[in-house]
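One structure is given here, and the rest of the page talks about it.
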Amino acid sequence: MKTIVISGACSGVGKTTLALDICRLIPGAQAVKIGHGRQKAGKTSAFYRIGTSFGVIKARHAGAEALVIESNTVLLELKPDLLIYLGGPEAKPSARLPAKTADIRSGARISARRLAGL
């Protein structure tokens with residue numbers, strides 16, 4: 001199972017929209033959100049509260065070809081196949097790690113070699 005993590009500086013930068021769009025492009029991909037609170041109405045991502053281990057999430061989505069995970073905190077447990085970081089006006093503390101280590105950052109160029117390796 002491939003893992004793609006979409007992280008972001010803060011709320012409202014387009015993480016969910018990007019996750020769902022990527023799932024439409026990859027056959028068998030499933031979107032997962034790890035966050036505070038509850039799932040928002042009308043969203044088609046599976047929702048898990050922060051603190052749910054990646055092992056539990058992976059087991060519940062064992063049939064997925066790819067997991068597209070919207071989270072900053074999952075990076076404490078997982079080195080994804082691809083990490084996408086969406087910047088924003090005020091980055092929360094959990095965004096420090098993905099901001100430094102992302103494969104793709106919004107507004108930044110990506111090499112053709114990196115794209116070919118995905």
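Counting begins at 1 with the first residue of the sequence.
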TODO: Of all the heavy-atom pairs spanning A66 and I26, show the shortest one and how long it is.
DONE: CB-CG2, 4.3 Å

TODO: Give the intermediate values and the outcome of side chain to side chain contact (heavy atoms under 4.5 Å, CB included) for residues M1 and L67.
DONE: CA-CA 7 Å; M1 167 189 306; L67 280 182; 3.5 Å; yes

Open item on the list: Could you measure the distance from the OG1 atom of T101 to the CG atom of D103? Nearest 0.5 Å is fine.
Closed with: 8.0 Å

Task: Closest non-hydrogen atom pair between S94 and P98, with its separation - done: O-CD, 3.4 Å

TODO: Look at the side chain of T52 and the backbone N and O of R49, then say whether any donor-acceptor pair between them is shorter than 3.5 Å.
DONE: yes

Open item on the list: Under a 3.5 Å distance rule, please check whether N72 uses its side chain to pair with a backbone N or O of G8 as donor and acceptor.
Closed with: yes

TODO: Please check if I22 and Y85 belong to a single hydrophobic cluster, counting links between Ile, Leu, Val, Met, Phe, Trp and Tyr side chain heavy atoms closer than 4.5 Å.
DONE: no

Task: Where A29 and V68 come nearest, the two heavy atoms and their spacing - done: CB-CG2, 4.4 Å

- [ ] Would you please name every residue forming a ring pair (Phe, Tyr, Trp, His ring centres under 6.0 Å) with F54, sequence neighbours left out?
- [x] none

Open item on the list: Please check this pair: side chain of R105 against backbone of K100, looking for a donor-acceptor N/O pair closer than 3.5 Å.
Closed with: yes

TODO: Identify the heavy atoms of S71 and S7 that sit nearest to each other, and give their distance.
DONE: O-CB, 3.5 Å

Open item on the list: Quick check for you: to the nearest 0.5 Å, what is the distance between L82 atom CG and I69 atom CD1?
Closed with: 11.5 Å

Task: side chain to side chain contact (heavy atoms under 4.5 Å, CB included), paired with I4, selected from D81, I84, I104 - done: I84

Task: Check against side chain to side chain contact (heavy atoms under 4.5 Å, CB included), I57 and I34 - done: CA-CA 10 Å; I57 295 168; I34 302 171; 3.6 Å; yes

TODO: Enter the distance from L25:CG to L20:CG here, rounded to the nearest 0.5 Å.
DONE: 11.5 Å

Open item on the list: Any donor-acceptor pair under 3.5 Å linking the side-chain atoms of S53 with those of E77?
Closed with: no

- [ ] Please report the closest heavy-atom contact between C10 and E90, naming both atoms and the distance.
- [x] CB-O, 3.5 Å

- [ ] Please name the pair of heavy atoms, one in S106 and one in G87, separated by the smallest distance, quoted to 0.1 Å.
- [x] OG-N, 3.0 Å

Task: Spatial distance of atom OG1 (T16) from atom CD (E70) [nearest 0.5 Å] - done: 3.0 Å

Task: Rounded distance (nearest 0.5 Å) linking atom CG of L18 with atom CD1 of I6 - done: 4.0 Å

Task: Spacing of OG1 belonging to T3 relative to NZ belonging to K79, to within rounding of 0.5 Å - done: 9.0 Å

